[in-house]
Amino acid sequence: MKIVAVFNYLLSFLIAYWNTESVAEDEFIYGQFPSYFRWGIGTSSYQVEGAWNLDGKGENIWDNFTHSTPSPIKDGSTGDFACDSYHKYEEDSKLVKSIGVDFYRFSISWSRILPLGTKEKVNQAGIDYYNNLINSLIHHEITPVISIHHWDLPMPLQNKGGWTNEEMIEHFGDFARILYANFGDRVKQWFTFNEAWVICVMGYGDGIFAPGVKEITETPYTCIHTILKAHAQAYRIYDLEFRDEQQGQVGITIDSGWLEPSDPNKLEDIEASERALQFKFGMFASPIVFGKYPDIVRKSVDERSKQEGRSTSRLPSFDKYWTDYIKGSYDFIGLNHYSSYLVTSASSDPGPGWYGDQNAVTFQDPSWPETGSTWLRPVPWGFRKVLNWIKNTFNNPPLIVTENGYSDLPDVGLNDYGRIEYYKGYINNLLKAVIIDGCNVRGYSAWSLMDNFEWASGYTERFGLHWVNFTDPSRERIPKESVKYLRKVFLSNGFPKPTLPWNSIQLNEQCAAVALDPDTSF
Ligand SMILES: *[C@@H]1O[C@H](CO)[C@@H](O)[C@H](O)[C@H]1NC(C)=O
Ligand SMILES: *[C@@H]1O[C@H](CO)[C@@H](O)[C@H](O)[C@H]1NC(C)=O
């Protein structure tokens, strides 16, 4: 029996290799996702809700950051009113439904539920708002999926040091418990944190996002360390107090682009690619899967800390208790993926800290198409590569793509053909990763339901499938062309081979040209 198992194992690799080789990087394939696959669309509280000081909501770090002078936001804007989803949740549910998805991924504004950040004061109006949203989604046959924390930490907790203070672990656990207790009868999928890398590096390291802390040597590591513990706390609370009764699942969302060796034949660049991926995705995935930081990261930060004359490493360690507590604290992992980068080792050392420790320089190929965001260029094949890297590095964990999306070039309005091309390429590469490579991806959520407050870029970058009129007090939402395309992909569960010519959907001429492209007319 054993020999048969080994033989089958080797055969599966051979088949995977054969299939991979037989499909070119940019080749479009027909095919459908497995029947268990689920489709979704996402937003986050601070980016869409508005109502920043209504009905008992407390101040959070993004309120504070956007209200500071001079404004750290590109267009000087705030999320005070945003898309006014606080009042328009019923309309939002209908928009979600119109896209043809199974689930809606949204986040909870911590300060709306706990104005002071701690469990002592619960704001019933906040509980009511999310109950209304959840019930409205269920009424429209949409599954609610919750991100517990998407960056908007209550200001009173930030005043205690935020994620650099281990006290947050308990507060986050309390917050999660309140959510499970109030919404867990109807909500079965939870993500503890969204993109903790962004919180810790851009918020506490570079300081270009809230809370605006600029300290790159130790603080990003302290922040990551606290967040991993807080994540495990929320996971274990679910395990101990809610799982039996509610039968849901808890995971964490980690962001990562693909980091392609600048010269794929150069060992130095291949190693830089692995380092950069471990400092990005591995920082979070390795502790929850293996109970420790990636070996490459451990070695680099320990050695450099020693060279700097420090008695302890800038990268903290988990003791036995926390190692066991964090290891295995996931039912699935969320991946946010937007773009790819070329990577090579650095020619000079920027000194002690997050960037120097990685010894990697990333940049993009100027021949890759542009979008409305400087950091985002469509590289569809990179999606398949990062999915395979995760599969191979972390024992093929159950994965949900929690974000993937495109920001419009200026003046595109409703005719967002660039977005259609983007989704076509990315979802097709996801299909290859799932049905050819065997990546264990269970679902996919596009970003975003509508244009919204894009953090330090304010309203200058539009990621929505719906165009939002931000000068209109009623914040009218209008579907862009991409809604029709994605609806077709989602309801078809992929790209089935066409049996009839493309004539079932009314498209204007330019969109029809995209749609009727032989690769697209599924
Ligand atoms: C930001 O928060 C700090 C600390 O609570 C407070 O002193 C400051 O006034 C706030 N800034 C703004 C612009 O609200
Ligand atoms: C946006 O709303 C404003 C105010 O209601 C209106 O004047 C303007 O025509 C709208 N723009 C578009 C493109 O619909």
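Start at 1 with the first residue, then count along the sequence. We count ligands from 1, going down the list as the structure has it; atoms in each ligand are counted the same way.
Using a 4.0 angstrom heavy-atom cutoff, Q158 does not count as in contact with ligand 1.
For ligand 1, the atoms lying closer than 4.0 Å to a non-hydrogen atom of E59 are 14 (O). Residue T471 has at least one heavy-atom neighbour below 4.0 Å for each of these atoms of ligand 2: 1 (C), 2 (O), 3 (C), 4 (C). With ligand atoms numbered from 1 in the order given, ligand 1 contributes 4 (C), 5 (O) to contacts under 4.0 Å with heavy atoms of N159.
Taking a cutoff of 4.0 Å between a charged side-chain nitrogen and a carboxylate oxygen, K57 and D152 do not qualify as a salt bridge. Under 4.0 Å is where a charged nitrogen must lie from a carboxylate oxygen, and between K280 and D255 at least one such pair does. Salt-bridge annotation for R310 and E218: present, with a side-chain N of the basic residue lying under 4.0 Å from a carboxylate O of the acidic one. Between D408 and R462, no side-chain nitrogen of the basic residue sits less than 4.0 Å from a carboxylate oxygen of the acidic one, so the salt-bridge criterion is not met.
Contacts between W467 and ligand 2, counted as non-hydrogen atom pairs separated by less than 4.0 Å, involve the side chain only. Contacts of D63 with ligand 1, taken as heavy-atom pairs under 4.0 Å, are absent altogether.
With E403 as the fixed residue, the side chain to side chain donor-acceptor pair (under 3.5 Å) test singles out one of Y444, Y338, W447: Y338. For the ring-ring contact (aromatic ring centres under 6.0 Å, His included) with H149, the lone residue among W163, W190, Y46, F175 that qualifies is W163.
Classification of the Y130-F106 ring pair by plane angle, with boundaries at 30° and 60°, yields parallel.
Formation of a donor-acceptor pair under 3.5 Å by the R377 side chain with backbone atoms of S339 is not found in this model.
In terms of protein heavy-atom proximity, atom 11 (N) of ligand 2 is closest to N469 ND2, 3.0 Å.
For atom 14 (O) of ligand 2, a protein non-hydrogen atom is found at a distance below 4.0 Å. Using a 4.0 Å threshold on non-hydrogen atoms, atom 5 (O) of ligand 1 counts as touching the protein.
Inclusion of N64 in the set of residues having an N or O under 3.5 Å from an N or O of ligand 1 is warranted. Of the polar atoms of H67, none of the N or O atoms is found under 3.5 Å from an N or O of ligand 1, judged by distance alone.
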